[in-house]
Amino acid sequence: MKWFGVLGLVALSECLVTIPLTRIKSMRENLREKDRLRDYLEKHPYNLAYKFVESVDPDLGVYYEPMRNYLDLAYVGTISIGTPPQEFKVIFDTGSSDLWVPSVYCSSPACANHNVFNPLLSSTFRISGRPIHLQYGSGRMSGFLAYDTVQFGGLIDESQAFGLSLREPSKFMEYAVFDGILGLGYPSLGLGGTLPIFDNLWKQGLISEERFAFYLSKKEEEGSVVMFGGVDHSYYSGELNWVPVSKALYWQLSVDSISMNEMVIACDGGCEAIIDTGTSLLIGPSDVVFNIQKIIDAKQSYSGEYIIDCDAVSTLPDIVFTINGINYSVPASAYIREDHQGTCYSNFDEGKGGLLLSDSWILGDVFLRLYFTVFDRGNNTIGLAPAV
């Protein structure tokens, strides 16, 4: 019987676990429809500096972790927490490292519109007694750290640390379709003294390879997936090109240049970029992005967004990100998006305040829809190949 148990564990560990992601209406679209977008953009400028001071008063047990601008997120997956399981829609986010969901004790209006976790209904719940504060651009989310069983795609992650919100001060969270965030960044990006979900999966022997991968479909809703413990080769064409992680904090790599019509328009001499599923757009330094908006003839609107003639999709050239000597083209059909009312917007946006480096970029879902991406923790590399 002992050998049957061992063989069962081996079979489990060799399975590739695939979690479907659903494309949803973003907060930006919801706010635009309700004429609240300009107000949001003024109060919540995009800030690349996610990492916040960990603790301002350790004697009081008050800890802080970053809370990001999730304005454009459009892909959610389902997880469950507790025994019996309570379900939540979360963003699988490579730009942060922690898991958090709203709690039943949250008194903010935003929590009333989302699924909330009730610790009293879970027999495996453990409280840590450690308060946490998730930092917004203005205001912060207050909560506490806890431990419980987290499940998704057949994986059962026991004693996983996660945050439960007690107060969500931003009224704009009311427009978010997702309930919480599941971070997949490096442990050093997260809350000190806790182990992120991916590290726990590996430590518990639930996955056979120390890697995960994203395929974001270009279709409206279905078809996107995140996979753990390996790679499904049917989601990409050609070979994966492996790029070293330049700094094991974010999933960060070095970019050689950014060009159009074989002319360098940004990142001359090299720059850094973060591959980030928690960002939808292509985010860069404000002066560089402003120049790109001029090149593609995008005009700033009343809301602060950049509008562009929809016919430009068929005339503008590709913008090429050269990474580790390989060209990754982003066509106009990708860096221009059309809303449901027929208005077209630029998918470039500027990072405001606290840039990690003066010439840093974030390559979000606009890039990830074009290129299947593997995040290899075992080798500290990122694999890229054209998505099918």
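Quantities reported herein were computed from a predicted structural model and do not represent experimental measurements.
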- prompt: More than 12 heavy atoms of other residues, nucleotides or ligands under 6.0 Å from CD of Gln204: is that the case?
  reply: yes
- request: Could you grab the distance from atom SG of Cys310 to atom CD1 of Ile336, nearest 0.5 Å is fine?
  value: 8.0 Å
task: Please report the shortest heavy-atom distance between Ile156 and Gln151, naming the atom on each side.
output: CG1-OE1, 3.8 Å
Candidate list Asp148, Thr149, Thr83, test side chain to side chain donor-acceptor pair (under 3.5 Å), partner Ser122, passing option: Asp148
- prompt: Got a second to check how far Lys218's NZ is from Arg23's CZ, nearest 0.5 Å?
  reply: 10.5 Å
query: Donor-acceptor pair, Asp98 side chain versus Leu191 backbone, under 3.5 Å?
result: yes
field: Side-chain donor or acceptor of Asp276 paired with backbone N/O of Gly95 under 3.5 Å
entry: yes
message: Between Glu350 (side chain only) and Phe290 (backbone N and O only), is there a donor and an acceptor less than 3.5 Å apart?
response: no
field: Plane angle bin for Tyr236 and His233 - parallel if under 30°, tilted between 30 and 60°, otherwise perpendicular
entry: perpendicular
message: When you measure from the side chain of Ser108 to the backbone of Ala110, do you find a donor-acceptor pair of N or O atoms at a distance under 3.5 Å?
response: no
message: Nearest 0.5 Å, please: how far is CG in Leu363 from OG1 in Thr277?
response: 12.5 Å
query: Going by distance alone, is a donor N or O of one side chain under 3.5 Å from an acceptor N or O of the other, for Asn380 and Tyr186?
result: yes
query: Would you call the rings of Phe125 and Phe117 parallel, tilted or perpendicular if under 30° counts as parallel and over 60° as perpendicular?
result: tilted
Modelled atom types, side-chain donor and acceptor of Ser254 and Glu272, under 3.5 Å: yes
task: Start with the C-alpha distance between Leu201 and Ile197, add both sets of side-chain angles, then the distance that settles side-chain contact (heavy atoms from CB on, under 4.5 Å), and finish with yes or no.
output: CA-CA 6 Å; Leu201 295 177; Ile197 277 194; 4.1 Å; yes
query: Are Phe92 and Ile275 joined in one hydrophobic group, where the rule is that I, L, V, M, F, W and Y side chains link up if heavy atoms are under 4.5 Å apart?
result: yes
- prompt: In terms of the angle between their ring planes, are Phe152 and Phe228 parallel, tilted or perpendicular, with boundaries placed at 30° and 60°?
  reply: tilted
field: Trp251 and Phe212 aromatic ring geometry - parallel, tilted or perpendicular at 30°/60° bounds
entry: perpendicular
- prompt: Judged by atom type as modelled, is there a donor-acceptor pair below 3.5 Å linking the side chain of Tyr147 to the main-chain atoms of Thr124?
  reply: no
task: State yes or no: do Tyr335 and Tyr306 share one hydrophobic cluster built from I, L, V, M, F, W and Y residues joined by side-chain heavy-atom distances below 4.5 Å, directly or via other members?
output: no
- request: Could you tell me whether a side-chain N or O of Thr373 sits under 3.5 Å from a main-chain N or O of Leu384, the two making a donor and an acceptor?
  value: no
- request: Flag the pair Thr18 / Met227 as yes when at least one side-chain heavy-atom distance between them is below 4.5 Å, and no otherwise.
  value: yes
message: Angle between ring planes, Tyr215 versus Phe372, binned at 30° and 60°: parallel, tilted or perpendicular?
response: tilted
task: Check Val76, Thr22, Leu216 against Ser224 for a side-chain contact (heavy atoms from CB on, under 4.5 Å) and give me the one that passes.
output: Leu216
message: Are Leu195 and Leu206 linked, directly or through intermediate hydrophobic residues, by side-chain heavy-atom contacts shorter than 4.5 Å (ILVMFWY only)?
response: no
- request: For the pair Asp232 (side chain) and Ser234 (backbone), establish whether a donor and an acceptor sit closer than 3.5 Å, ignoring hydrogens and angles.
  value: yes
message: Counting C-beta onward and ignoring hydrogens, is there a side-chain heavy-atom pair between Ser165 and Val116 closer than 4.5 Å?
response: no
- prompt: Checking Asn347 side chain against Ala334 main chain: does a donor-acceptor pair fall under 3.5 Å?
  reply: yes
task: Identify the heavy atoms of Val313 and Ser333 that sit nearest to each other, and give their distance.
output: CG1-CA, 3.8 Å
